[in-house]
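Report on the structure given below.
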There are 2 protein chains.
Amino acid sequence: MIKMRCLVRVPNRGGAEALKLFCFRLWSDIFSDGTNGMTDLNNDLFKSIDPARRGTTSEGVIAQLREMIHRGDLRPGDRLPPERDLAKLLGVSRPTLRSGIHSLAAVGILQSRQGAGTFVVKSDGSPSLDANSLRLMASLHGFTTAEMFEARQALEMAISYLAAGRATSDQIATMAEEITGMYASLDDPEQYLIHDMHFHQTIAAASGNRILTALMNMIASILLDVRRKTVHRSRDLKESAEMHRRIYRAIRERNPEEARNAMRDHLTSAQMAQESEEEEEGGPTDATGNGNHDPD
Amino acid sequence: MIKMRCLVRVPNRGGAEALKLFCFRLWSDIFSDGTNGMTDLNNDLFKSIDPARRGTTSEGVIAQLREMIHRGDLRPGDRLPPERDLAKLLGVSRPTLRSGIHSLAAVGILQSRQGAGTFVVKSDGSPSLDANSLRLMASLHGFTTAEMFEARQALEMAISYLAAGRATSDQIATMAEEITGMYASLDDPEQYLIHDMHFHQTIAAASGNRILTALMNMIASILLDVRRKTVHRSRDLKESAEMHRRIYRAIRERNPEEARNAMRDHLTSAQMAQESEEEEEGGPTDATGNGNHDPD
DNA sequence: CCGCCTTAGTGGTCATACCTTTGAAAGCTT
DNA sequence: AAGCTTTCAAAGGTATGACCACTAAGGCGG
């Protein structure tokens with residue numbers, strides 16, 4: 001472990017000038033590193049932080065952890081050192097360290113389990129971005145469901161286009177299974193919805209672009225909340241299944257244009273269906289899928 | 001403002017049982033809050049929040065703040081009560097409250113300024129999502145620049161398609177100005193880059209879909225870091241400007257298909273140019289544009 | 001050999017104290 | 001009186017220390 005300490009004198013405006021101890025450490029390998037590669041100190045390899053307010057120690061912690069991730073010292077599934085140790089290692093207090101960890105946990109990078117430890121989130125299949133930030137954004141700025149649908153449509157059109165060119169035979173087989181599942185649950189809307197989602201996620205995986213997949217999931221998870229409220233009123237599931245089959249066929253036949261068009265038509269139709277169902281319920285058109293996670 | 005307090009007794013396992021004060025308030029401008037009729041179908045298909053652990057007080061705080069935002073009690077630009085007061089109000093300690101605030105700050109919803117207060121982030125123009133989470137994700141899972149480019153291309157194609165149908169004359173005029181700026185700075189790559197970005201953002205604004213805009217900005221801010229490193233080697237800016245003009249013309253003439261195709265060609269060409277420049281530099285193809293999210 | 005129980009270890013929370021920054025009010029200078 | 005400087009309270013940032021709750025692994029007894 002390399003420790004580097006640097007004294008910076010910060011002039012205070014008031015008469016009382018104070019010497020500020022500003023120490024930051026770098027460790028190249030998380031626990032194992034013998035070499036003491038003291039480089040120059042004023043080297044502000046710290047620019048990862050907001051330039052306007054680069055003083056807060058808490059953000060320094062975040063920067064450090066990010067650096068470790070960027071370097072590859074922390075990889076998905078890894079466990080971080082105990083907070084007390086890590087705090088000492090970084091030269092900050094535990095609450096400060098915890099703030100940083102919480103921040104990283106909020107964006108879905110870290111995950112803490114009481115009694116067990118803090119872990120770098122591991123990718124269950126495809127990496128996913130936290131949808132809460134988008135959800136909050138939707139509430140703050142009053143995004144409409146229509147806007148969400150449009151975004152989803154744009155993403156899924158691109159995804160299905162790509163998937164048509166890249167899907168493996170396994171993935172195509174999975175799609176077929178999900179469609180079979182849809183037809184089998186035409187009279188069970190909730191079950192149908194599950195197969196529907198799985199189908200779309202399979203396409204996303206087949207697109208080979210994990211970024212688009214993550215973005216799609218982010219939006220889909222919000223729309224799902226909206227959709228779940230009216231799913232019991234769903235009808236015309238058969239028609240929906242047919243459209244899914246059209247998408248499937250286009251992908252199987254490696255026809256990107258047709259896949260994109262089919263997806264466009266499918267989502268347009270799905271949106272209209274959703275709106276008509278909402279109207280029936282008298283529900284609003286607000287996109288705030290209230291996160292409804294209350295402690296039982 | 002109506003405050004409602006609810007005491008819940010939580011039995012402790014150890015000999016020493018403690019009465020845990022768990023109070024949550026419901027704010028409402030009007031007393032219109034009746035029953036929250038939510039049918040908790042335990043569908044854990046989606047992981048908005050980790051289903052395993054939803055009891056932590058810190059997350060309770062986050063839920064509270066989110067609730068306030070969803071309800072509209074907190075609006076962009078608003079200032080939160082002082083931490084000490086808010087902590088008492090919510091019935092938690094200050095460190096716990098701070099954890100929640102930090103988490104919300106990490107996703108770009110709140111912003112704290114020392115000595116001033118904590119504010120709900122206000123949208124300067126279009127709301128933007130924090131790119132850091134995506135950046136970390138890129139590092140963790142080794143996203144390639146090509147993958148990023150592809151995602152950007154998909155988004156911008158959709159955006160330009162929409163923009164062709166919705167751009168106002170003002171927006172079109174702005175686009176024209178930026179293109180003029182590009183031609184004027186053909187010999188100044190950095191300046192050119194700025195006009196380039198503004199042009200794309202203008203199109204995004206013209207698309208009328210703030211979600212797609214936010215997603216595009218998220219990806220663009222990462223690619224920007226990559227691009228800045230090689231921008232000084234840029235050449236063929238004239239060709240690039242021509243392609244921008246083609247996009248502009250398509251939008252002005254309300255031709256969505258052509259706008260989309262023009263954008264596709266432009267970004268394909270931009271990616272190839274970028275790659276050839278990178279190759280010259282000998283730079284890697286990693287998508288980890290470390291840090292540097294500039295505020296402007 | 002298996003299962004229950006104990007026990008260290010780790011994250012979660014709280015309380016308190018002090019420092020730094022901010023912004024506005026009060027006071028001084030011109 | 002206008003403008004600048006000083007001062008001070010308020011607010012966020014950090015540190016310390018303690019205790020609780022949960023997890024997992026190891027020891028004990030059946």
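Rounded to whole Å, atom P of D:dA9 lies 17 Å from atom CG of B:D85. One can place CD1 of B:I62 at 13 Å from C1' of C:dG12, the figure rounded to the nearest angstrom. In this structure, B:F119 atom CZ and C:dG23 atom P are separated by 8 Å, rounded to whole Å. When rounded to the nearest whole Å, the span between CD of B:E83 and P of D:dA11 equals 10 Å. In this structure, NZ of B:K88 is placed 12 Å from P of C:dC14, rounded to the nearest angstrom. As rounded to whole Å, 19 Å separates atom P of D:dA10 from atom CG of B:L80. For the pair B:L110 CG and D:dG12 C1', the computed distance is 13 Å after rounding to whole Å. When rounded to the nearest whole Å, the span between CG of A:L90 and C1' of D:dA15 equals 15 Å.
For the pair A:G115 and A:L97, nearest-nucleotide mapping onto DNA chain D gives the more 5' position to A:L97.
Here the side chain of B:D130 pairs no donor or acceptor atom with the backbone of B:V107 at under 3.5 angstrom. At distances below 3.5 Å, at least one donor-acceptor pair connects side-chain atoms of A:E147 with backbone N or O atoms of B:R210.
Considering only side-chain atoms of A:P95, the nucleotide from D:dA21, D:dT16, C:dG23 that sits closest is D:dT16. Here the nucleotide nearest the side chain of A:Q114, chosen from D:dA21, C:dT13, C:dT10, is D:dA21. Checked against D:dG13, C:dG11, D:dA24, the side chain of A:R113 finds its nearest nucleotide in D:dA24.
One N or O donor and one acceptor, one from the side chain of B:R94 and one from the base of D:dG13, sit under 3.5 Å apart. One donor-acceptor pair, N or O on each side, does fall under 3.5 Å between the base of D:dG12 and the side chain of B:R84.
Residue A:T96 has a polar side-chain atom (N or O) positioned under 4.0 Å from OP1 or OP2 of D:dA15. Here B:S93 does not reach the OP1 or OP2 of C:dA15: none of its side-chain N or O atoms lies under 4.0 Å away. Here B:T118 reaches the OP1 or OP2 of D:dG12: one of its side-chain N or O atoms lies under 4.0 Å away. Checking the phosphate oxygens (OP1, OP2) of D:dG13, no side-chain nitrogen or oxygen of A:S58 falls inside 4.0 Å.
Side-chain contact between A:R152 and A:M148 is absent, with no heavy atoms from C-beta onward closer than 4.5 Å. Under the 4.5 Å side-chain criterion, counting only non-hydrogen atoms from C-beta, B:M197 is not in contact with B:R227. Taking the side chain as every heavy atom from C-beta outward, A:V121 and A:I109 never approach each other to under 4.5 Å.
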